[in-house]
K.L.:
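Got a structure for you, written out below as structure tokens; questions coming shortly.
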Amino acid sequence: MKNLALVAGILALCVALALLATNWNGESLTAHMIVHMTTVAIAAPLLAIAVSGRRLDPAVHLPWFGPVLASVAELLVVWLWHMPALRRLAETRLDAMLLEQASFLLAGILLWTACFRRHEEGTQRLAGIIGLLFTSIHMTLLGVLLTLAPRPLYGIGDVTCLGFVLGRDTDQQLGGVVMLLVGAAAYMLGAIILLADVLKPTSSEGSQCG
């Protein structure tokens, strides 16, 4: 299972990098958001599953870095890189773009590994659910802001997204929708999976019922 997750995570990351390489000069927020969501909502959780409990698991080496703190760290990374000034920097400088994507991946892996970490106490296990729910909420807020903003936040003129020419306002709205449909939904799904695991009867409870 973990080896399969590792392969799938690496493939998702390769897809994200390929999309980034072919769409970087287009200045499209939608293309950026597809790359971003592929990185943090697909590649990061798969890689987190692959390293969970192993030597490379960040949660093993950073036991103090819990799910809530990891969620706050991801909030800061995501919101800072979507500020107009930093967004423009990542669109025009290769080193800034690579730093942006690396920070997205690192923040995503730290969050997912912190939330997937197994705990003996129920309150600690619930922290993972809270961390993912909080991340889903702030992803939703940013997606709504981008979708409903009365004007383009990242400049004027047309952009190129996956070979299609779009107006800045349309591109921004589509980017917000991608964040809502993929990002917010992925973290919510992760929280639901963790909740189902917490509510699952233990073997001792099952034997008592029998």
Side-chain angles (χ1 to χ4, degrees), residues 1-62 65 67 70-71 73-75 77-78 81-82 87 90-91 94-118 128 131-132 135-136 139-140 142-143 159-164 171 174-194 196-197:
M1 175 65 179
K2 290 188 176 183
N3 290 336
L4 181 60
L6 177 62
V7 172
I10 292 175
L11 286 176
L13 195 56
C14 289
V15 169
L17 291 174
L19 288 172
L20 184 64
T22 55
N23 290 275
W24 179 44
N25 292 329
E27 299 185 355
S28 169
L29 181 67
T30 301
H32 155 79
M33 200 63 71
I34 293 173
V35 174
H36 179 190
M37 292 300 103
T38 303
T39 300
V40 302
I42 300 177
L46 288 171
L47 293 175
I49 292 172
V51 303
S52 179
R54 294 181 171 178
R55 182 170 56 87
L56 295 178
D57 186 353
V60 174
H61 303 285
L62 302 171
F65 198 75
S71 180
E74 173 145 349
L75 181 150
V77 169
V78 170
W81 279 112
H82 286 91
R87 181 80 243 109
E91 289 175 348
L94 179 61
D95 56 347
M97 179 268 291
L98 293 176
L99 177 61
E100 175 196 51
Q101 295 304 317
S103 63
F104 285 157
L105 180 62
L106 177 60
I109 291 177
L110 288 174
L111 174 65
W112 287 103
T113 52
C115 293
F116 287 164
R117 179 169 47 194
R118 292 283 180 176
L132 290 178
T135 306
S136 178
M139 287 282 188
T140 299
L142 182 55
V159 300
T160 302
C161 175
L162 304 178
F164 297 95
D171 178 63
L174 289 176
V177 170
V178 170
M179 174 165 271
L180 286 171
L181 292 181
V182 181
Y187 292 104
M188 181 64 71
L189 178 61
I192 292 173
I193 292 173
L194 287 182
D197 183 63

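These numbers come from the heavy atoms of this one structure, side chains and all, not from hydrogens, waters or symmetry mates. Numbering starts at 1 and runs along the sequence shown.
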K.L.:
Which pair of heavy atoms, one from T39 and one from A16, lies closest together, and at what distance?
P.N.:
OG1-CB, 3.6 Å
K.L.:
Starting at SG of C14, measure out to CG of L19 and round the result to the nearest 0.5 Å.
P.N.:
11.5 Å
K.L.:
Heavy-atom distance under 4.5 Å between the side chains of V40 and Y187, does that happen here?
P.N.:
yes
K.L.:
Closest approach of A48 and W112, non-hydrogen atoms and distance?
P.N.:
CB-CB, 3.5 Å
K.L.:
Locate the shortest heavy-atom distance separating V78 from F104; write the atom from each residue and the value.
P.N.:
CA-CE2, 4.0 Å
K.L.:
So, do S71 and L111 sit near enough that their side-chain heavy atoms are less than 4.5 Å apart?
P.N.:
yes
K.L.:
Got a second to check how far N3's CG is from I49's CD1, nearest 0.5 Å?
P.N.:
12.5 Å
K.L.:
Please examine the side chains of L47 and L6, heavy atoms only from C-beta on, and report whether any two atoms are closer than 4.5 Å.
P.N.:
yes
K.L.:
So L99 and W81, side-chain contact (heavy atoms from CB on, under 4.5 Å) or not? Walk me through it.
P.N.:
CA-CA 10 Å; L99 177 61; W81 279 112; 4.0 Å; yes
K.L.:
I want to check something: taking the side chain as every heavy atom from C-beta on, are L132 and I192 in contact at a cut-off of under 4.5 Å?
P.N.:
no
K.L.:
Looking only at non-hydrogen atoms, find the nearest pair between T135 and G131 and report the distance.
P.N.:
OG1-O, 2.8 Å
K.L.:
Looking at CG of L162 and OG1 of T22, how far apart are the two atoms once the value is rounded to the nearest 0.5 Å?
P.N.:
7.0 Å
K.L.:
Any side-chain heavy-atom pair from T113 and V51 closer than 4.5 angstrom?
P.N.:
yes
K.L.:
Restricting to non-hydrogen atoms, name the atom on A114 and the atom on P67 that form the minimum distance, rounded to 0.1 Å.
P.N.:
O-CG, 3.5 Å
K.L.:
Indicate yes or no: at least one non-hydrogen side-chain atom of N23 is less than 4.5 angstrom from one of V35.
P.N.:
no
K.L.:
Show the nearest heavy-atom pair for residues C161 and S28, with the distance to one decimal.
P.N.:
CB-OG, 3.2 Å
K.L.:
Would you compute the distance between atom CG of L174 and atom CG of L29 and round it to the nearest 0.5 angstrom?
P.N.:
9.5 Å
K.L.:
Start with the C-alpha gap between E100 and H36, add the side-chain angles, then the distance that decides, and say whether side-chain contact (heavy atoms from CB on, under 4.5 Å) holds.
P.N.:
CA-CA 9 Å; E100 175 196 51; H36 179 190; over 6 Å; no
K.L.:
Within the 4.5 Å heavy-atom criterion, are M188 and T140 side-chain neighbours or not?
P.N.:
no
K.L.:
Can you tell me how far apart CD1 (I34) and OG1 (T38) are? Round to the nearest 0.5 Å.
P.N.:
7.0 Å
K.L.:
H32 pairs by side chain to side chain contact (heavy atoms under 4.5 Å, CB included) with which of M37, H82, E27, M97?
P.N.:
H82
K.L.:
Quick one: OG1 on T30 to CG on D171, what's the gap to the nearest 0.5 Å?
P.N.:
3.5 Å
